[in-house]
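Atoms within each ligand, like the ligands themselves, are counted from 1 in listed order. Counting from 1, the numbers follow the sequence of the chain as shown.
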Amino acid sequence: MSSVRSAYTDSLCFYSGHTPLELAETYGTPLYVYNEGVLRERCRDLMKLSGHPGYGVNYSVKANANPAILKIIRDEGLVVDAMSPGELHLDTIAGFPPEKILYISNNNSAEELRNAVKRALLVSVDSLSQLAAFGRLNAGGRVMVRFNPGIGAGHHAKVVTAGKETKFGVTPDRLDEVFALLDKYQLTLAGINQHIGSLFMTPDGYLDAAAVLLDLAERLPAGALNKLEIMDFGGGFGIPYRKYDGEGRLNLVELGARLHALITGWSAKTGYAGRFLVEPGRYIAAECGILLGRVYAVKNNGDKRYVGTDLGFNTLVRPAMYDSFHDVEIYRADSGKTGQETMPQTIVGNICESGDILAKNRLLPIMREGDVLGLLDAGAYGFVMASNYNQRCLPAEVLIRSDGTAQPIRRRETLDDLTRCLL
Ligand SMILES: *Cc1c(COP(=O)(O)O)cnc(C)c1O
């Protein structure tokens with residue numbers, strides 16, 4: 001393809017028989033483009049981590065909730081979680097029956113909990129007060145409890161979800177109170193889960209935390225272990241965002257071997273015959289998605305070159321919210337001989353905020369008006385976190401099918417959509 005910087009997507013044939021320029025032309029920008037083959041490959045990577053009969057992968061729908069994506073994930077044999085009535089709704093639309101949905105909630109209203117009891121296999125509560133609320137509306141039922149193992153991990157303080165400094169989970173020192181409430185409402189503890197944070201790139205922290213959850217299960221009051229059906233170790237599996245720097249992948253061969261040994265050994269020791277779930281979101285969905293946008297203005301402010309695009313933080317908030325790094329590809333029809341001269345450039349969006357920065361001071365080929373840019377690894381926490389800020393319409397989404405066809409899976413919002421809920 002004629003383009004300035006596209007070695008990564010070229011190597012995968014990401015756009016199949018299409019080109020990003022043609023897709024941008026046909027569907028407009030900003031545009032989320034997903035590749036079915038990459039999505040399926042990531043599902044398969046994780047499904048084969050362990051051959052233990054109880055092992056399974058519970059996709060965390062908050063990463064990407066488009067039903068077209070969810071259907072592919074269902075087809076690959078994964079189950080799903082949901083954290084809100086909306087996610088539950090989309091899981092159901094994508095064809096997941098209640099027995100394939102776990103509701104991993106926090107701070108839900110009684111009505112939301114009641115809805116989840118009807119539509120999910122199990123509901124996980126993450127505080128004593130939610131456990132009591134659940135007991136009041138579903139006495140005699142089965143419930144999961146999310147524990148906070150006291151170990152956190154993550155790429156940014158905002159995504160560390162265990163340890164003392166986070167809002168999540170019940171700490172194990174409250175076990176007596178958990179069981180008092182279970183007793184009070186004749187609830188059965190059918191599962192325990194945790195999620196220590198997002199984006200780990202080496203197996204150790206995750207495996208340590210998994211071992212802590214298994215230990216906790218052994219410390220439950222007599223008889224409780226026999227009633228457990230699900231041990232859910234949480235997500236957080238990282239992906240290499242620095243593709244053009246050759247960042248290595250998470251070693252799934254090592255992680256899989258050690259996880260398999262851990263759960264196999266533990267089942268043999270305890271007689272546990274239930275399921276073991278991992279709960280990744282990003283690992284499944286991030287790399288199958290690229291966000292396309294267009295350069296509309298370039299300028300030098302002082303000694304800095306700014307590249308102005310239609311990719312504001314309303315379309316991809318991760319850089320502004322977490323200081324995240326997304327690699328950038330540059331597509332141009334007539335890349336010519338002069339296309340490779342580089343200089344540091346800052347790619348910004350069209351939102352009226354100085355924090356509206358997608359990529360800061362990157363040494364990249366000099367970008368020009370009319371170029372199409374691709375922000376890599378935008379399939380997770382991309383569209384789902386997009387907003388209407390500055391009253392901009394939400395972007396469209398297109399899926400490149402394994403047979404090469406480009407299938408629109410969400411239309412671009414219109415101005416009428418912006419006023420839909422006004423009274
Ligand atoms: C966000 C979340 C996940 C998935 O996290 P990733 O980093 O995308 O793998 C899993 N479980 C829970 C409870 C979560 O909140």
Side-chain angles (χ1 to χ4, degrees), residues 39 42-43 45-47 49 56-66 69-70 73 78-84 86-88 91 101-108 116 120 122-127 130 144-149 151-163 166-170 191-203 205-207 209-210 213 230-241 249-250 252 255 259 275-289 316-318 321-322 324 326 377-385:
L39 175 60
R42 293 298 169 263
C43 292
D45 289 349
L46 293 183
M47 286 294 281
L49 277 187
V57 182
N58 186 30
Y59 170 62
S60 189
V61 168
K62 72 177 200 258
N64 187 321
N66 189 304
I69 299 287
L70 297 184
I73 290 171
L78 285 73
V79 296
V80 280
D81 74 3
M83 306 193 170
S84 69
E87 288 184 1
L88 204 44
D91 286 349
I101 304 174
L102 291 183
Y103 194 72
I104 313 276
S105 67
N106 77 91
N107 310 331
N108 277 225
L122 282 171
V123 173
S124 161
V125 295
D126 97 327
S127 63
Q130 288 266 284
M144 276 173 80
V145 173
R146 175 170 176 171
F147 285 98
N148 178 336
I151 309 174
H155 63 96
H156 188 284
K158 285 182 190 157
V159 298
V160 175
T161 51
T166 88
K167 70 168 181 169
F168 294 107
V170 178
I192 56 178
N193 59 300
Q194 69 185 18
H195 173 65
I196 64 168
S198 285
L199 226 174
F200 64 84
M201 293 304 288
T202 53
Y206 189 78
L207 290 165
L213 194 73
I230 292 182
M231 301 287 295
D232 179 343
F233 301 126
F237 298 67
I239 60 121
Y241 280 100
R249 300 194 70 81
L250 173 61
L252 287 185
L255 177 56
L259 184 67
R275 291 155 74 193
F276 295 99
L277 296 178
V278 296
E279 197 170 81
R282 178 192 324 273
Y283 190 89
I284 305 271
E287 293 175 290
C288 76
L316 182 71
V317 78
R318 297 190 70 254
M321 185 159 170
Y322 310 116
S324 301
H326 284 266
D377 305 317
Y381 308 109
F383 183 90
V384 287
M385 294 179 94

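Using a 4.0 Å cut-off to heavy atoms of Ser198, the atoms of ligand 1 that qualify are 5 (O), 6 (P), 7 (O). Below 4.0 Å from some heavy atom of Ser60 lie the following atoms of ligand 1, by number and element: 2 (C), 3 (C), 4 (C), 10 (C). The atoms of ligand 1 that sit less than 4.0 Å from any heavy atom of Pro280 are 9 (O). Of all atoms in ligand 1, listed by their number and element, those nearer than 4.0 Å to a heavy atom of Gly281 are 4 (C), 6 (P), 8 (O), 9 (O). Here is the list of ligand 1 atoms found below 4.0 Å of a heavy atom in Gly235: 9 (O), 10 (C).
When all heavy atoms of Asp232 and Asn58 are compared, the pair lying nearest together is OD2-ND2, 3.8 Å. Closest approach of Leu46 to Pro280, counting heavy atoms only: CD1-CG, 3.3 Å.
In terms of polar-atom proximity, Tyr381 is counted as a contact of ligand 1, with an N or O under 3.5 Å from an N or O of the ligand. For ligand 1, the polar-atom distance check against Gly197 finds no nitrogen or oxygen pair separated by under 3.5 Å. Where the criterion is an N or O separation shorter than 3.5 Å, residue side chain and backbone included, Lys62 meets it with respect to ligand 1. Considering backbone and side-chain N/O atoms, Glu279 comes within less than 3.5 Å of an N/O atom of ligand 1. For ligand 1, the polar-atom distance check against Arg282 finds a nitrogen or oxygen pair separated by under 3.5 Å.
Counting heavy atoms from C-beta outward, Ile192 and Phe233 have side chains that stay 4.5 Å or more apart.
Taking the six-membered ring where tryptophan is involved, the planes of Tyr206 and Phe200 are essentially parallel, since the angle between them stays under 30° and well short of 60°.
Just one residue in the list Val170, Val123, Val125 forms a side chain to side chain contact (heavy atoms under 4.5 Å, CB included) with Gln130, and that residue is Val125.
Heavy atoms of Gly236 approach ligand 1 to within less than 4.0 angstrom.
In this structure, Tyr381 has no ring-ring contact (aromatic ring centres under 6.0 Å, His included) partners at least two apart in sequence or on a different chain.
Salt bridge annotation for Glu287-Arg42: present, with a cationic side-chain nitrogen under 4.0 angstrom from a carboxylate oxygen.
A side-chain N or O of His326 and one of Arg318 form a donor-acceptor pair less than 3.5 Å apart.
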